[in-house]
Novice: 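Mind looking over this structure? Questions follow.
This one's a predicted model, so the numbers in the text were calculated from it and none came from an experiment.
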Amino acid sequence: MSDSKPSKKRKIEDECRVFNKEWTERYFFTDVGVKAVCLICHDTVAVFKEYNLKRHFQTKQTNFGSNLSKQELQKKATDLMKSLKKQQNVFEKTSSLQRNATKASFVLANKIAKQNKSFAEAEFIKDCMVDAVSVVCPEVISKVEAISLSRRTIVRRIDAIAMNIQDQVLTASVSFQWFSIALDESNDIQDTAQVLIYIRGIDENFEITEELLSMESLKDTVTGKDLYNSVINSLIRSRLSLDKLASITTDGAPSLIGKHCGLVTLMNDKIKEDFPSHSVLSFHCIIHQESLCRSSFKLKHVMDPVVRAVNLIRARGLNHRQFRSFLEDIEADFTDVLYHTNIRWLSMGKVLKRMWDVKEEVVLFFNMKDISCDFSREMECDEWLKEQNFVHFPLLKTRTVTQALSDKYSYQLTALRDEFIRRFADFKAIEGQFDLLSSPFACDVETAAEELQVELIDLQADNSLKRLFENKPLVEFYASLHSEKFINLKNFARKMFVIFASTYICEQTFSILKVNKSKNRSLLTDSNLQSVLRISTSNLTPNFNKLVKDCSQLHHSH
């Protein structure tokens, strides 16, 4: 009985066979990469094994070269190899041209989406390119004509680019230590509620990614439950866990911050259920809060005459031209008055300052034009002028009014301050954490969280780190700290760095949305719209080479 073990079956790739050059003359084969190619019929043989090549030659090329001498066979093999090489070069050149044309198509589609242009404009761009190239370098016009820029092609390209960017976001999100979301909702021109969800995440190396996570289209109701489902589904699709969610920032609408069934409440309930020890910060957009605070400042009797005066000048073409010409003739310090926008309430101060600087010119212009306006009358009213000698109000040093009026406006300023305190209470609650983040060497160690105190003591005792803090941006400083020695401090910093202070990024995107889905492009689908928004707002660069490769593989599969 034999003790020998059965030999294992060898794999073909383990045999390490090498193509023998003599097989070219014997069997009319040459090696192309990892395969042998018949020079006669161009069939391929996967394994460099003489038996396989010989069998192919004897069965399929039985009579080939039977009447040729050895020298003639050599010459024939050489000629066939040259012919094959030439065909390969032509094929490679054609393939290279097609790849470049496809890449150019992707690059231009990305540019169209970035600039919020209509998909159909790509055909116009191609016409311009062809006309220009035909004049400048006509020998390459065929290469330009090979670029596909039809509307349907651009739609496919934009969708593919958006998917590529989304894949990059998903790849980055796997490494997030913390992330926050900012969201807002608005109706498009077809009255579809579009919910924009932005994500800001940070990885172990303090690399921050801020991108559009999703645009959710709500065709029916827009309740807190609907918004909650949209956010949860978006996070699930992105494989993001709620225990890494640091904060939620909204614009303060009832459906978002409602006490019983608002989005934030439902999110907190879900987090308490799944991760009892975790809590999430929630913020009301700082910009919206500022606008709401402004409503407590009663200046209607001041602003209304100013706004009416500005409108009399700027809303009528003739008046506006004459007023600008008048200011130029008298060599005034300013050339125009400013518009006031309620949405940007801080512009109120600039408008009032400009009107104060040109008040005499405005009154004179109205008198010359015989225009009746309450601005001229109000300028004589001490209450409207209301200047007092206050240090922080330079314009108020020029006049004095009664104590009663002084008390009246002092009360309004106090009310405004109290309103700011009330509305920014959520930011005030973590003011100490912001102070610690921005000034770790100046903060009181005893007021910090217990898990940070020992690390803060070590940090504040290290003069080299203090110098590093003074010379590096804040994010780079925390990223440079020793990962084990300052593990808690670095984790705290990561969480703070991802907080959204406002939903302004959503407001910007809604402006882009309205440009793209306008009355002239109302049929733009929600899917196409999301692709355009993802591209136009992204900080990431599409991987064009991968897009071309995927496009080529898809083409060959069909």
Novice: How far apart are the C-alpha atoms of Lys219 and Asp526, what are their side-chain angles, what is the distance that settles it, and do they pass the side chain to side chain contact (heavy atoms under 4.5 Å, CB included) test?
Specialist: CA-CA 11 Å; Lys219 304 293 185 181; Asp526 291 336; 2.7 Å; yes
Novice: To the closest 0.5 Å, what do you measure between CZ (Arg308) and CD1 (Ile313)?
Specialist: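 Reported value, rounded in 0.5 Å steps: 13.5 Å.
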Novice: How close do Tyr478 and Lys490 get, counting heavy atoms only, and between which atoms?
Specialist: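 So the two residues come closest at O-CE, 3.2 Å.
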Novice: With sequence neighbours excluded, what pairs up with Leu459 under the side chain to side chain contact (heavy atoms under 4.5 Å, CB included) test?
Specialist: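 Result, side chain to side chain contact (heavy atoms under 4.5 Å, CB included) vs Leu459: Pro440, Phe441, Leu456, Leu465, Phe477, Leu481, Phe486, Leu489.
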Novice: What are the two closest non-hydrogen atoms of Ile505 and Phe500, and how far apart are they?
Specialist: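 That closest heavy-atom pairing would be CG2-CE2, 4.3 Å.
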Novice: Is the backbone of Leu529 close enough, under 3.5 Å, to the side chain of Lys517 for a donor and an acceptor to pair up by distance?
Specialist: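 Not at all, since once roles are kept as given, no pair shorter than 3.5 Å links the two residues.
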Novice: Kindly write out the residues that satisfy side-chain hydrogen bond (donor to acceptor under 3.5 Å, both in side chains) with Ser538, not counting sequence neighbours, or none if the list is empty.
Specialist: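 Counting only residues at least two positions away or on another chain, Ser538 forms a side-chain hydrogen bond (donor to acceptor under 3.5 Å, both in side chains) with Glu211.
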Novice: Provide the full list of salt bridge (Lys or Arg N to Asp or Glu O under 4.0 Å) pairs with a residue in residues 440-457, sequence neighbours left out, each pair given once.
Specialist: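 As it turns out, there is no salt bridge (Lys or Arg N to Asp or Glu O under 4.0 Å) pair with a partner in residues 440-457 once direct neighbours are skipped.
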Novice: If you take all heavy atoms of Leu196 and Met215, which pair is closest and at what distance?
Specialist: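 Of all heavy-atom pairs spanning Leu196 and Met215, the closest is CD2-CG, 3.6 Å.
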Novice: Side chains of Ser173 and Leu240, heavy atoms from C-beta outward: is any pair under 4.5 Å?
Specialist: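 Heavy-atom side-chain distance check passes, below 4.5 Å.
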Novice: Which pairs with one or both residues in residues 226-242 pass side-chain hydrogen bond (donor to acceptor under 3.5 Å, both in side chains), sequence neighbours excluded?
Specialist: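 Matches after skipping sequence neighbours: Ser214-Arg237, Glu216-Arg237, Thr221-Asp226, Thr223-Asp226, Ser241-Asp243.
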Novice: Closest heavy-atom contact between Ile147 and Ala101?
Specialist: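 Heavy atoms of Ile147 and Ala101 come nearest at CG2-O, 3.8 Å.
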Novice: Minimum heavy-atom separation for Lys270 and Leu242, please, with both atom names.
Specialist: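 It is CG-CD1, 3.6 Å.
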Novice: Without placing hydrogens or testing angles, list every side-chain donor-acceptor pair under 3.5 Å for residues 154-171, not counting sequence neighbours.
Specialist:
residue	atom	partner	partner atom	Å
Arg156	NH2	Thr153	OG1	3.4
Arg157	NE	Ser105	OG	3.0
Asp159	OD1	Ser531	OG	2.9
Asn164	OD1	Gln168	NE2	3.0
Asn164	OD1	Asn543	N	3.0
Gln168	NE2	Thr541	O	3.1
Thr171	OG1	Asp167	O	2.8

Novice: Supply the atom-to-atom distance Lys114 NZ to Ser536 OG, rounded to the nearest 0.5 angstrom.
Specialist: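 One gets 7.0 Å once the value is rounded to the nearest 0.5 Å.
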Novice: Anything under 3.5 Å between a donor and an acceptor, one on a side chain of residues 202-209, the other on a protein residue two or more places apart or in another chain? List them.
Specialist:
residue	atom	partner	partner atom	Å
Asp203	OD1	Asn205	N	3.0
Asp203	OD1	Phe206	N	3.1
Asp203	OD1	Glu207	N	2.8

Novice: Distance check, rounded to the nearest 0.5 Å: Arg151 atom CZ versus Phe119 atom CZ?
Specialist: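 Nearest 0.5 Å value for the CZ-CZ distance: 6.5 Å.
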Novice: Whether the side chain of Asn268 engages the backbone of Val264 through a donor-acceptor N/O pair (distance < 3.5 Å, no angle test) should be reported.
Specialist: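 It does hold such a pair.
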Novice: In Å, rounded to the nearest 0.5 Å, how long is the span from CD of Gln194 to CG of Leu218?
Specialist: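 Interatomic distance, Gln194 CD to Leu218 CG, rounded to 0.5 Å: 8.0 Å.
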Novice: Given side chain to side chain contact (heavy atoms under 4.5 Å, CB included), test Tyr198 with Asp184 step by step and report yes or no.
Specialist: CA-CA 9 Å; Tyr198 268 88; Asp184 202 352; over 6 Å; no
Novice: Enter the distance from Leu513:CG to Cys506:SG here, rounded to the nearest 0.5 Å.
Specialist: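 Going from the CG atom of Leu513 to the SG atom of Cys506 covers 11.5 Å.
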Novice: Measure from the side-chain N and O atoms of Thr192 to the backbone N and O of Asp188, and report whether any donor-acceptor pair falls under 3.5 Å.
Specialist: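 No, Thr192 side chain to Asp188 backbone: no donor-acceptor pair under 3.5 Å.
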Novice: With a 4.5 Å limit on heavy-atom distance, are the side chains of Asn187 and Glu185 in contact?
Specialist: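 In contact.
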Novice: Scan for salt bridge (Lys or Arg N to Asp or Glu O under 4.0 Å) pairs involving residues 464-482, sequence neighbours excluded, and state none if there are none.
Specialist: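 Sorted pair list: Lys472-Glu476.
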Novice: Applying side-chain hydrogen bond (donor to acceptor under 3.5 Å, both in side chains), can you list everything that pairs with Asn516, at least two apart in sequence or on another chain?
Specialist: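 Asn116, Arg521.
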Novice: What distance do Glu210 atom CD and Leu540 atom CG have between them, rounded to the nearest 0.5 Å?
Specialist: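 Spacing of CD (Glu210) from CG (Leu540) equals 11.0 Å.
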Novice: I would like to know whether Ile112 and Val532 meet side chain to side chain contact (heavy atoms under 4.5 Å, CB included); could you show each step before the answer?
Specialist: CA-CA 9 Å; Ile112 286 172; Val532 171; over 6 Å; no
Novice: Would you say the side chain of Arg354 lies within less than 4.5 Å of the side chain of Val310, judging by non-hydrogen atoms?
Specialist: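 Heavy-atom side-chain distance check fails, nothing below 4.5 Å.
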Novice: Kindly indicate, with the supporting measurements, whether the criterion side chain to side chain contact (heavy atoms under 4.5 Å, CB included) is fulfilled by Lys514 and Ile189.
Specialist: CA-CA 8 Å; Lys514 293 184 184 301; Ile189 196 169; over 6 Å; no
Novice: Considering residues at least two apart in sequence or located in another chain, which fulfil the side-chain hydrogen bond (donor to acceptor under 3.5 Å, both in side chains) criterion with Gln177?
Specialist: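 So Gln177 forms no side-chain hydrogen bond (donor to acceptor under 3.5 Å, both in side chains) with any residue.
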Novice: Name all pairs fulfilling the salt bridge (Lys or Arg N to Asp or Glu O under 4.0 Å) condition that reach into residues 532-547, sequence neighbours left out, sorted by first residue then second.
Specialist: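 Those involving residues 532-547 are Lys546-Asp550.
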Novice: Under a 4.5 Å cut-off applied to non-hydrogen side-chain atoms, are Leu437 and Phe497 in contact?
Specialist: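 Contact flag for Leu437/Phe497 side chains = yes.
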Novice: Would you say that more than 12 heavy atoms from the other residues, nucleotides or ligands in this model lie under 6.0 Å from the CG of Leu468, or not?
Specialist: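 Correct, the count exceeds 12.
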Novice: Does the Ser180 side chain pair with the main chain of Ser247, one donor and one acceptor, at a distance under 3.5 Å?
Specialist: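 Yes: the side chain of Ser180 pairs with the backbone of Ser247.
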Novice: Return the minimal non-hydrogen interatomic distance between Gln460 and Val445, and the atom names on each side.
Specialist: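 Between these two residues, the closest heavy atoms are OE1-CG2, 3.5 Å.
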Novice: Do Ser282 and Met267 have side chains that get closer than 4.5 Å, going by heavy atoms?
Specialist: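 They are not in contact (no side-chain heavy atoms under 4.5 Å apart), so the answer is no.
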Novice: Who pairs with Arg494 by side-chain hydrogen bond (donor to acceptor under 3.5 Å, both in side chains), at least two apart in sequence or on another chain?
Specialist: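 Not a single residue meets the side-chain hydrogen bond (donor to acceptor under 3.5 Å, both in side chains) criterion with Arg494.
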Novice: According to salt bridge (Lys or Arg N to Asp or Glu O under 4.0 Å), does anything in residues 495-504 pair up with another residue at least two apart or in another chain? List the pairs.
Specialist: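 Qualifying pairs: none.
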Novice: Could you tell me whether the side chain of Phe492 reaches within less than 4.5 Å of the side chain of Leu436, counting heavy atoms only?
Specialist: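 In short, these two side chains touch, coming nearer than 4.5 Å.
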Novice: With respect to Ile197, which candidate in Leu213, Leu235, Leu227 satisfies the side chain to side chain contact (heavy atoms under 4.5 Å, CB included) definition?
Specialist: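 In the set Leu213, Leu235, Leu227, the residue that makes a side chain to side chain contact (heavy atoms under 4.5 Å, CB included) with Ile197 is Leu213.
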